[in-house]
Asks: 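Input: one structure, supplied below.
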Amino acid sequence: MIDLRSDTVTRPTKAMLEAMFTAQVGDDVFGDDPTVNALEKMASEMFGMEAALFCPSGTMTNQIAINVHTRPGDEVICHKYAHIYYYEGGAIMRNSGASVCLLDGPRGLITAGEVERHINPDDVHRPVTSLVEVENSMNKGGGTLYKYDELVSISNVCRKHGLKFHLDGARLFNALVETGEKPDAYGRLFDSVSVCLSKGLGAPTGSLLMGNKQFIRQARRVRKAFGGGMRQAGYLAAAGIYALTNNIDRLKMDNERARYLGNVLSKLSFVEMVIPVETNIVIFRLREKDGANEFLAVLRDHNIHALQMDPQTVRFVSHLDFTDEMLQKTELVLKKI
Ligand SMILES: *Cc1c(COP(=O)(O)O)cnc(C)c1O
């Protein structure tokens with residue numbers, strides 16, 4: 001089976017399982033799990049931030065950050081396709097009672113100018129703008145990348161207006177291997193950073209939230225209230241340590257395979273448009289209106305699985321378990337359709 005639906009489908013390798021199997025554990029809600037503590041220390045040092053918190057999912061790290069940074073009734077500025085809004089089950093409103101100010105922008109990206117124009121004035125009629133969020137790489141935009149300078153500008157706007165700035169870096173490492181930037185360059189810009197261990201990094205589950213000590217202390221409280229306090233979580237944290245140690249550099253291969261697929265697709269007569277591939281996500285529109293279902297069915301007949309984004313648009317995501325042989329087979333199948 002060739003599974004291009006998402007980079008969340010990876011399974012732990014033997015070496016990762018070995019690291020999990022031999023992990024030292026304790027009760028992490030009491031702060032007693034040495035492996036969780038080691039992972040949190042490793043991540044916070046990597047990003048040059050004071051502290052980190054290990055959580056079950058990226059939805060939880062994002063929503064904890066939103067909960068800590070806002071009060072009910074406040075407004076969060078983000079792109080209309082941001083994962084925190086579009087793909088997290090209404091959690092901003094459900095869990096934090098905050099509202100959103102949704103910006104538009106090509107390929108899922110927002111700009112400092114747009115952010116500044118949408119900050120509400122200090123007027124009792126208007127919700128209080130308290131948080132700005134960006135996603136890098138930007139999933140629904142096509143795995144797109146922010147220019148670092150733009151993020152610096154947005155960060156400056158946030159500081160000037162006293163707003164918090166959160167990064168949904170679910171796939172930040174796919175971005176970093178592409179641009180050569182270092183994690184601490186990101187730690188400097190944001191009040192909180194979330195990264196996923198269970199996407200391209202190949203861990204079975206888990207995400208990390210980083211910030212200053214006071215933020216993480218509050219985040220720990222919110223994690224408990226959201227039901228995310230885990231006990232002998234060191235078995236999972238060991239997978240995270242393994243992933244951060246061994247699986248970052250190889251993300252470059254995933255990005256390359258995605259770029260290759262994008263190239264193949266762009267030459268096919270039934271493909272109308274491929275969003276330029278910048279990381280490990282390939283989003284493309286078919287020529288035929290409502291053609292996605294039929295296209296996906298043909299792929300399924302060859303045991304290739306992908307996701308529909310809308311009736312005419314399909315997404316491929318490359319990852320740790322998508323090999324060169326699979327890439328070749330996918331290319332052959334696509335060229336025969
Ligand atoms: C996958 C993902 C998340 C987190 O998803 P979980 O499944 O809750 O871990 C957050 N943001 C983006 C952009 C993602 O792609």
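Whatever order the structure lists them in is the order used to number ligands and atoms, beginning at 1.
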Asks: Could you report the tightest heavy-atom contact between Tyr186 and Leu176, atom names first, then the distance?
Replies: CE1-CD2, 3.5 Å
Asks: Which protein heavy atom lies closest to atom 11 (N) of ligand 1, and at what distance to 0.1 Å?
Replies: Asp168 OD2, 2.6 Å
Asks: I'd like to know whether the aromatic ring centres of His69 and Phe215 sit less than 6.0 Å apart in this structure.
Replies: yes
Asks: Does any N/O atom on Ser198 come nearer than 3.5 Å to any N/O atom on ligand 1?
Replies: no
Asks: What orientation do Tyr81 and Tyr86 show, parallel under 30°, tilted 30 to 60°, or perpendicular over 60°?
Replies: perpendicular
Asks: Measuring centre to centre across the rings, with the benzene-like ring taken for any Trp, is Tyr235 within less than 6.0 Å of Phe21?
Replies: no
Asks: Under 3.5 Å between some N or O of ligand 1 and some N or O of Arg171?
Replies: yes
Asks: Would you say atom 7 (O) of ligand 1 has a protein heavy atom nearer than 4.0 Å?
Replies: no
Asks: Between Arg171 (side chain) and Asn136 (backbone), is there a donor-acceptor pair under 3.5 Å?
Replies: no
Asks: Please report whether ligand 1 has a polar contact with Glu135, defined as an N or O pair separated by less than 3.5 Å (distance criterion only).
Replies: no
Asks: Please report the shortest heavy-atom distance between Phe165 and Leu151, naming the atom on each side.
Replies: CE2-O, 3.8 Å
Asks: For ligand 1, is any non-hydrogen atom under 4.0 Å from Asn62's backbone (N, CA, C, O), its side chain (CB onward), both, or neither?
Replies: side chain
Asks: Check whether any N or O atom of Met60, backbone or side chain, sits under 3.5 Å from an N or O atom of ligand 1, and answer yes or no.
Replies: no
Asks: Which bit of Lys199 is near ligand 1, meaning a heavy atom under 4.0 Å away: side chain, backbone, both or neither?
Replies: side chain
Asks: Would Thr59 count as being in polar contact with ligand 1, using the rule that some N or O on each side must be under 3.5 angstrom apart?
Replies: yes
Asks: Could you please spell out the steps behind the salt bridge (charged side-chain N to carboxylate O under 4.0 Å, His left out) verdict for Glu50 and Lys213?
Replies: CA-CA 6 Å; Glu50 287 178 6; Lys213 279 188 184 143; 5.3 Å; no
Asks: Report, in ascending order of atom number, the atoms of ligand 1 lying under 4.0 Å from any heavy atom of Ser57.
Replies: 8 (O), 9 (O)
Asks: In terms of residue, atom name and distance, what is the protein heavy atom nearest to atom 9 (O) of ligand 1?
Replies: Gly58 N, 2.8 Å
Asks: Do you know which two heavy atoms are closest between Ala258 and Ile281, and how far apart they sit?
Replies: CB-N, 4.3 Å
